[in-house]
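Beneath this line is the structure, given in structure tokens, with notes to follow.
These numbers were taken from a predicted model, which means no experiment stands behind them. As a basis for the values below, the full set of heavy atoms in this structure was taken, side chains included, without hydrogen atoms, waters or symmetry mates.
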Amino acid sequence: MNWLLLIVAIAVITFLLTFVLRRYALATSMIDVPNARSSHSIPTPRGGGVAIVIVFLLVLVYLFFQDGPEQRIVIALGGGGLVIALVGFLDDHGHIAARWRLLAHFAGAAWALFWLPGAPPLHLLGMTLTSPWIVYPLVGLFLVWLLNLYNFMDGIDGLASVEAITVCAGGALIYWFMGYPDRMILPLALAASVAGFLVWNFPPARIFMGDAGSGFLGIALGVLTLAAALVEPQLLSSWLILLGVFIADATFTLMRRLIRGDKVYEAHRSHAYQYASRKYGSHLPVTLAVLAVNLLWLLPWACFVALGHVDALLGLMIAYAPLAILAVVFKAGELEVPE
């Protein structure tokens, strides 16, 4: 099948399925009603991210039978993502205790790590870590953290969708630059599935992603990051740079709340992007600003690192420096003052 045709078909099918899920959410009263911790003010259907999950999983089934070079990665993505999506779907329809959700998150990460062709070497403080007894626990924690932070960052219209599309499109572009066109299909397929959903989720959103979609995207992006690092070690830093906005905001916020002694599993509105959306009175300027940062700042540095023009650690530090400043400027993790 022509890859361009496949990508277009993925986006169109996701768009149509999201429409169906929106009708289902309205019919079953699966509505996100605003409360004191919400960043929106209008009751909105939720659970639209299931369209992303279903379409991308079907694409993975198709790719599995193509017997390509990424067959183990397809299994890692499919099994790990399905576990996370199912738990998120159940949580969207009711409530699952945090400890059970976390157990499922580690189970999904374990599945993904078992099926990946290996663990990427980690370069830390001048050392290269290759021992599986060290590397696997670290990358397992990375997967669990990324899928949770993606849930944390899915709080305003279009933000999580724009992040996923730009990260995946950027990762695919880097593969093309480096001469790995056969590796482009997985990130492009995920970007296309999210693009079909974004039509409904762009500010002002007509349906929200829900935990099933955000958790699925988090672990999928994590697996794609590790898969890229197995192709070329410096691509680990490149993908971490592409994910910089979400990683910087969520990590800075979490550390600040931990230090203060907050219950970090409780809902809050203290991420930098949430403060920014309240400051500007709209979700749209924040979502567009993240799009601009991803394309105009993070993507070039990710390319510089991937192509060997800049040292991986140095490039990561340079790319993250203004993100850390923005986190401080927009009060990431600062105690909320009741209005």
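- The structure places OG1 of T14 at 11.5 Å from CG of L198, a figure rounded to the nearest 0.5 Å.
- Using a 4.5 Å cut-off on side-chain heavy atoms (C-beta onward), T166 and L295 make contact.
- To the nearest 0.5 angstrom, W115 atom CH2 is 13.0 Å from I73 atom CD1.
- Relative ring orientation between Y175 and Y180 is described as perpendicular, the plane-to-plane angle rising above 60° on a 0-90° scale split at 30° and 60°.
- A side-chain donor-acceptor contact under 3.5 Å links H105 and N148.
- Between the side chains of E163 and Y150, no donor-acceptor pair is found at a separation under 3.5 Å.
- Atoms CG and CG, from L226 and L221 in turn, are 11.0 Å apart once rounded to the nearest 0.5 Å.
- Applying the salt bridge (charged side-chain N to carboxylate O under 4.0 Å, His left out) rule to pairs touching residues 97-113 yields D91-R101, sequence neighbours excluded.
- One hydrophobic cluster, built from ILVMFWY side chains closer than 4.5 Å, holds both F304 and W176.
- Interatomic distance, CG of L291 versus CG of N294, reported as 7.0 Å (0.5 Å rounding).
- Cation-pi contact between R278 and Y275: present, with separation from the ring centre below 6.0 Å and deviation from the ring axis of at most 45°.
- Hydrophobic cluster membership differs between L326 and L316, with clusters built from Ile, Leu, Val, Met, Phe, Trp and Tyr side chains linked at under 4.5 angstrom.
- Without hydrogens or angle criteria, S270 side chain to H268 main chain gives no donor-acceptor distance under 3.5 Å.
- Around CZ of R260, the count of heavy atoms belonging to other residues, nucleotides or ligands within 6.0 Å exceeds 12.
- Between T225 and F142 there is a side-chain heavy-atom pair separated by less than 4.5 Å.
- Counting heavy atoms from C-beta outward, L314 and V305 have side chains that stay 4.5 Å or more apart.
- L188 and V194 end up in the same hydrophobic cluster when Ile, Leu, Val, Met, Phe, Trp and Tyr side chains are linked at under 4.5 Å.
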Before giving the answer on side chain to side chain contact (heavy atoms under 4.5 Å, CB included), spell out for D157 and F208 the whole-Å C-alpha distance, their side-chain angles and the decisive distance to 0.1 Å.
CA-CA 8 Å; D157 300 349; F208 293 156; 3.5 Å; yes

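- In terms of hydrophobic clustering, with Ile, Leu, Val, Met, Phe, Trp and Tyr side chains grouped at heavy-atom distances under 4.5 Å, L143 and L122 are assigned to a common cluster.
- Listed for the R183 side chain is no donor-acceptor partner under 3.5 Å among the backbone atoms of A228.
- Formation of a donor-acceptor pair under 3.5 Å by the Q71 side chain with backbone atoms of F64 is found in this model.
- A pairwise comparison of heavy atoms in P132 and P137 identifies O-CD, 3.6 Å as the closest pair.
- Between V74 and L186, the closest side-chain pair of non-hydrogen atoms falls below 4.5 Å.
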Could you walk me through whether I174 and W239 pass the side chain to side chain contact (heavy atoms under 4.5 Å, CB included) check?
CA-CA 10 Å; I174 289 171; W239 277 72; 5.7 Å; no

Walk me through whether F197 and F15 qualify under side chain to side chain contact (heavy atoms under 4.5 Å, CB included).
CA-CA 5 Å; F197 168 77; F15 168 81; over 6 Å; no

Go through V290 and L159 one step at a time and tell me if the side chain to side chain contact (heavy atoms under 4.5 Å, CB included) criterion holds.
CA-CA 8 Å; V290 170; L159 184 64; 3.5 Å; yes

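- Between S193 and L190 the shortest side-chain heavy-atom distance falls below 4.5 Å.
- Note that the NE2 atom of H283 and the CG atom of N201 stand 11.0 Å from one another [nearest 0.5 Å].
- Heavy atoms only, all atoms of each residue included: F216 and I84 are closest at N-CG2, 3.9 Å.
- Between I241 and L299, every side-chain heavy-atom pair lies at or beyond the 4.5 Å cut-off.
- Summarising the geometry of L217 relative to I52, their closest heavy-atom pair is CD2-CG2, 4.2 Å, with the distance given to 0.1 Å.
- At a threshold of 4.5 Å between non-hydrogen side-chain atoms, the residues E70 and L63 do not count as touching.
- V293 has its side chain within reach of L298: a pair of non-hydrogen atoms, C-beta onward, lies under 4.5 Å apart.
- A salt bridge is absent between D32 and R46; no separation between the charged side-chain nitrogens and carboxylate oxygens falls under 4.0 Å.
- The heavy-atom pair separating I156 from S277 by the smallest distance is CG2-OG, 4.0 Å.
- Defined by atom type and a distance below 3.5 Å, a donor-acceptor pair is present between the side-chain atoms of W145 and T251.
- Across all non-hydrogen atoms, the minimal contact from A212 to V50 is CB-CG2, 4.1 Å.
- Of all the heavy atoms in C168 and P187, the pair that sits closest is CB-O, 3.2 Å.
- Note that CZ of F246 is 7.5 Å distant from OH of Y273, once rounded to the nearest 0.5 Å.
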For the pair W111 and F114, evaluate ring pair (Phe, Tyr, Trp, His ring centres under 6.0 Å) and give the outcome as yes or no after the intermediate values.
CA-CA 5 Å; W111 171 279; F114 177 81; 7.4 Å; no

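- Cluster annotation: V144 is not connected to V83 through the hydrophobic network of ILVMFWY side chains, with a link wherever side-chain heavy atoms come within less than 4.5 Å.
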